Amino acid sequence: MAAAALRARGGGAVLATLLQPRRGYKSTFRASELELQRSQALGTPPAPRDLVFGKFFTDHMLTVEWERERGWGRPKIGPFQDLRLHPASTVLHYAVELFEGLKAFRGDDDKIRIFRPELNMERMQRSAKRVCLPEFDGDELLECIRALVRLEGRWVPRDPQSSLYIRPTFIGTEPTLGVSPPGQALLFVVLCPVGPYTLTRCGPIRLLADPQQVRAWPGGAGHCKLGGNYGPCLELQEEARARGCQQVLWLYGPEQLLTEVGTMNLFVFWERPDGAPELVTPPLDGLILPGVTRQSLLELARKWGEFAVREAPLPMGSILGALKAGRLREMFGAGTACVVCPVGEILYQEQVLSVPTMENGAKVTTRFLRELNDIQYGRVPSPWAQPL
């Protein structure tokens with residue numbers, strides 16, 4: 001209405017000027033403008049046997065700054081260093097923050113491949129919109145990440161089960177205690193070599209299922225990779241460990257719907273009442289994170305065409321019924337860190353439920369792990385993992 005009134009008073013030219021893009025504003029950064037400052041203190045990559053997830057970092061990091069008035073600055077690769085933040089930065093008070101997780105693998109041919117990074121860029125942009133962080137071109141960020149990984153190539157382990165973990169992070173940095181979209185932001189990427197995950201090392205795990213605790217809810221932000229989704233889960237995770245469990249099986253609602261396993265998506269392989277085999281995973285209904293590994297497993301299973309594949313709610317009652325009838329064959333979590341992680345037991349309402357994943361040979365779980373690893377390490381050619 002205000003715009004119409006302005007036009008009626010002959011202010012059309014003024015309105016057009018106001019709606020024009022701000023002079024000098026950069027709506028995205030460009031990989032072609034990437035600046036490099038090499039570190040003068042290079043570290044020594046640890047041996048794969050010594051790697052602990054998230055404890056060792058490479059020599060360099062990527063940073064890109066954004067300001068409301070000027071837009072995006074030039075992307076920069078420089079020495080790995082501490083961040084300098086104002087105490088009132090919005091990330092510190094209101095969790096205006098998101099992150100991603102993906103991996104680079106050194107194949108048997110010594111080439112380095114990043115696994116399906118375009119999916120992480122798409123998810124990162126969706127998360128940014130949820131917390132009012134500025135838009136950017138995912139392809140440009142991906143090119144900057146590729147440049148960083150090339151520079152740090154010696155940190156990509158020469159080990160058939162290890163990899164280089166890539167952690168893009170996006171935070172609001174405006175120094176204000178006002179609750180509003182930030183006027184300043186920082187996007188940065190750090191890298192860390194991570195050790196091997198095998199079915200023996202990753203599982204089978206015991207889960208704590210507590211119907212009184214929820215991770216996400218309809219209309220919330222459970223489908224976004226925000227730091228605020230993880231901190232509140234730590235208390236129950238610690239309780240799980242104190243009770244002899246490795247992860248939490250997150251339930252939701254009156255039907256106690258299974259949603260996620262710790263920070264992983266959940267899969268169940270069972271026989272339907274008619275005896276037909278079926279793979280089921282919870283749907284993308286806003287309660288779970290749309291995982292890259294989750295999508296990859298679904299696509300692989302549908303390509304195999306050997307059993308039904310369904311995205312559908314999984315009430316706890318259906319799990320209990322399948323266990324009682326001997327129809328549940330395997331249960332596993334799926335995520336970037338572990339790829340697939342078999343479930344062996346569930347602690348539910350003070351009872352330990354035995355899940356026969358390993359007793360049944362973990363055949364589907366093992367096959368998923370083997371086929372994804374073959375793609376990630378370049379043993380099987382795939383558009384999902386192209387050499388840098």
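Quick caveat, the model's predicted, so the values are computed rather than measured.
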When the ring planes of F267 and F332 are compared, do they come out parallel, tilted or perpendicular, using 30° and 60° as the limits? parallel
Taking the six-membered ring of W304 (Phe, Tyr or Trp), confirm whether the NZ or CZ of R367 is under 6.0 Å from its centre and within 45° of its axis. yes
Determine, for R327 against E271, whether the closest basic-nitrogen to carboxylate-oxygen distance falls under 4.0 angstrom. no
R370/D374 ion pair, N-O < 4.0 Å: no
Are E140 and K26 close enough for a salt bridge, meaning some N to O gap below 4.0 Å? no
Do W72 and L186 sit in the same hydrophobic cluster, where Ile, Leu, Val, Met, Phe, Trp and Tyr count as joined when their side-chain heavy atoms come under 4.5 Å apart? no
So that I can tick it off, tell me whether E33 and K76 are bridged by a salt bridge, with the cut-off set at under 4.0 angstrom between side-chain N and carboxylate O. no
Please determine if K303 and E371 form a salt bridge, counting it only when a charged side-chain N lies under 4.0 Å from a carboxylate O. no
If the threshold is 4.0 Å, N to carboxylate O, is there a salt bridge linking D159 and R49? no
Can you confirm whether the side chains of T259 and R215 place a donor and an acceptor under 3.5 Å from each other? no
Electrostatic pair R154:D59 at N-O distance under 4.0 angstrom: yes
If you measure from the Lys or Arg side-chain nitrogens to the Asp or Glu carboxylate oxygens, is any gap between R116 and E299 under 4.0 Å? yes
Answer with yes or no after comparing the ring centroid distance for F307 and F269 against a 6.0 Å cut-off, counting only values under it. yes
Are Y165 and F57, when compared by the centres of their aromatic rings, separated by less than 6.0 Å? no
Criterion side chain to side chain donor-acceptor pair (under 3.5 Å) against N120, the qualifying member of K103, K225, E100: E100
